Amino acid sequence: MASSFIENLSSEFQKANNAYAPKAAKPKVLVYVEGHDDVAFWHYILSPYQAEIGVKFDIQPFTQGLEQGKPALTKLFPQTGAYLLVCVDSDYDYLLPDHSETAKTINTNPYILQTYAHSIENLKCYAPSLAHACVKATQNTSELIDLPDWLATYSQQVFWLFIWNLYLHNLHAHNDFTQTQFCDTIRLTETPSSTNYGGALATVKHRAEEKQQALEKDHPKHAPELVAFAEQLAKRGLTPETAYLFIQGHTLYNEVVLPLLIPICRALQDERRDKIKQQAQHEQEKRQKDENYRNSTLTLHAVLNHHYEFKDCFLYEKIRADAEAALRATK
């Protein structure tokens, strides 16, 4: 029965359904994503094209029994077409396009859209947009640190360790240096303070260099090959400054960016509230303005959860080009 369901869930089947819809109805394009958190992201990407090409996108997560996420979506790959799109996180599939059959399909099927970054979380953490995320959370435009510079430095410090992880992954030697081990090494274990944002970077740098030296010792034959491997990846956009866009998204989001931004936003809120106290002429005014200020702010989690300010990121241009190519057949 499950097999029959998937067979009937196809672009051609949906195209036929559209033919029986009322004349005034816009043709429906089915869009399947990995999970509920992905619906708003892909709606943000695709919704501008609804009016342009006169279609209606029906975006929803796809599950197959207990199977969900990307593994479930792979079942739909053969069924894709102009009226059934699949949208996935790239994980390592963009950087390593020949690593698996799934990677090959994602990189060659025009009706499978991918993030190019590891996941949507990486794009939510696009460095030039983070200062505005802090403004939305605090209503304070002061900039305590240069966030793009901090993330560029962080990326540089984990870059070669990331190259090792990708290299061994590409050799199917995952157990020699697992993604979990890599993520444990690069996460922030020292919470940045409002007066010392560099300390956490120093700790990450030390751990990354220590692990890199261990890998060079354990794999002396592979070490010389890493430079050429990195040069190939640079053609796909992975550089020492952009590594944060390609490492595991949940680690970047939860273990790097949030621990960095929380003390920044706390300091910005304290600064704004202190100014309110100083300017208030009496206690009632202070309480009223403080309450108004609190009501105007958002939690950092709420801001970042729907933070899609990455249109000037070079990866967005690739996503946009893919979307336009996929939708061309519906015109």
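Just so it is clear, the structure is predicted and the values come from calculations on it, not from any experiment.
Every salt bridge (Lys or Arg N to Asp or Glu O under 4.0 Å) that Lys286 has, sequence neighbours left out, goes to Glu283. In this view, Asp176 satisfies the salt bridge (Lys or Arg N to Asp or Glu O under 4.0 Å) rule with no residue, not counting sequence neighbours. The salt bridge (Lys or Arg N to Asp or Glu O under 4.0 Å) search around Arg272 returns none, not counting sequence neighbours. Not counting sequence neighbours, the partners of Glu317 by the salt bridge (Lys or Arg N to Asp or Glu O under 4.0 Å) test are Arg320. Glu241 pairs by the side chain to side chain contact (heavy atoms under 4.5 Å, CB included) definition with Ala152, Gln156, Thr239, not counting sequence neighbours.
With contacts defined as side-chain heavy-atom distances shorter than 4.5 Å, the pair Ile247/Phe182 qualifies. Using a 4.5 Å heavy-atom cutoff, the side chains of Ile45 and Phe41 are in contact. Between Tyr308 and His306 there is a side-chain heavy-atom pair separated by less than 4.5 Å. Inter-residue side-chain proximity for Glu34 and Leu73 is flagged as met; some heavy-atom pair is nearer than 4.5 Å. Under the 4.5 Å side-chain criterion, counting only non-hydrogen atoms from C-beta, Thr74 is not in contact with Val88. When side chains are defined from C-beta on, Asn170 counts as touching Phe229, because their heavy atoms get closer than 4.5 Å. You'll find the side chain of Val257 reaches within 4.5 Å of the side chain of Leu130, heavy atoms only.
The salt bridge (Lys or Arg N to Asp or Glu O under 4.0 Å) contacts involving residues 79-108 comprise Lys70-Asp91, Lys70-Asp93, Glu101-Lys104, where partners must be two or more places apart or lie in separate chains. Sorted by first and then second residue, the salt bridge (Lys or Arg N to Asp or Glu O under 4.0 Å) pairs involving residues 140-169 (not counting sequence neighbours) form an empty list. Each side-chain hydrogen bond (donor to acceptor under 3.5 Å, both in side chains) pair with one or both residues in residues 37-50, not counting sequence neighbours, appears once here: Tyr49-Glu324. For residues 107-136, the set of pairs meeting the salt bridge (Lys or Arg N to Asp or Glu O under 4.0 Å) definition, not counting sequence neighbours, comprises Lys136-Glu309.
Here the closest non-hydrogen pair linking Ala117 and Leu315 is N-CD1, 3.6 Å. Between Leu96 and His169 the shortest heavy-atom distance is CD1-CD2, 3.6 Å. The shortest heavy-atom contact between Phe246 and Gly237 is CE1-O, 3.6 Å. Across all their heavy atoms, Tyr126 and Tyr244 have their closest contact at CD1-OH, 3.5 Å. Across every non-hydrogen atom of Cys265 and Thr138, the tightest pair is O-CG2, 3.5 Å.
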Taking only distance into account, with no hydrogens and no angle test, what donor-acceptor pairs under 3.5 Å do side-chain atoms of residues 210-223 form with protein atoms, sequence neighbours excluded?
from: Gln212; atom 1: NE2; to: Glu216; atom 2: OE2; distance (Å): 3.2
from: His222; atom 1: ND1; to: Tyr167; atom 2: OH; distance (Å): 3.4

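Between the side chains of Glu271 and Asn140, at least one donor N or O lies within less than 3.5 Å of an accepting N or O. If you check the side chains of Glu190 and Thr203, you find a donor sitting under 3.5 Å from an acceptor. Side-chain contact of Ser90 with His118: a donor-acceptor pair under 3.5 Å is absent, judged by distance alone. Using a 3.5 Å distance cut-off with no hydrogens or angles, the side chains of Gln114 and Asn107 do pair a donor with an acceptor. Side chain to side chain, Tyr83 and Glu12 fail the donor-acceptor criterion of an N or O pair below 3.5 Å. In this structure, a donor-acceptor pair under 3.5 Å is present between the side chains of Gln288 and Asn292.
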Under the criterion side-chain contact (heavy atoms from CB on, under 4.5 Å), I'd like the reasoning laid out for Ile112 against Leu85: C-alpha separation, chi angles, the key distance, then a yes or no. CA-CA 6 Å; Ile112 300 173; Leu85 306 179; over 6 Å; no
Working for ring-ring contact (aromatic ring centres under 6.0 Å, His included), residues His172 and His99: CA-CA 8 Å; His172 298 276; His99 174 259; 4.3 Å; yes
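Val135 and Tyr293 fall into different hydrophobic clusters, where Ile, Leu, Val, Met, Phe, Trp and Tyr are joined by side-chain heavy atoms under 4.5 Å apart, directly or via other members. There is a path of hydrophobic side-chain contacts, each under 4.5 Å, that joins Val39 to Tyr253.
Annotation for Tyr20: hydrophobic cluster partners, listed by chain and number, are none (ILVMFWY side-chain heavy atoms under 4.5 Å, direct or chained). Clustering of Ile, Leu, Val, Met, Phe, Trp and Tyr by side-chain heavy atoms under 4.5 Å joins Val303 with Leu298.
The distance from the CG atom of Leu95 to the OH atom of Tyr92 is 8.5 Å, given to the nearest 0.5 Å. Residue Leu300 holds its CG atom at 6.5 Å from SG of Cys134, rounded to the nearest 0.5 Å. In this structure, the separation between SG on Cys313 and OH on Tyr116 is 12.5 Å, given to the nearest 0.5 Å. The structure places CD of Gln14 at 4.0 Å from CG of Leu30, a figure rounded to the nearest 0.5 Å.
Asp290 and Arg294 are joined by a salt bridge, as a carboxylate oxygen and a charged side-chain nitrogen come within less than 4.0 angstrom of each other.
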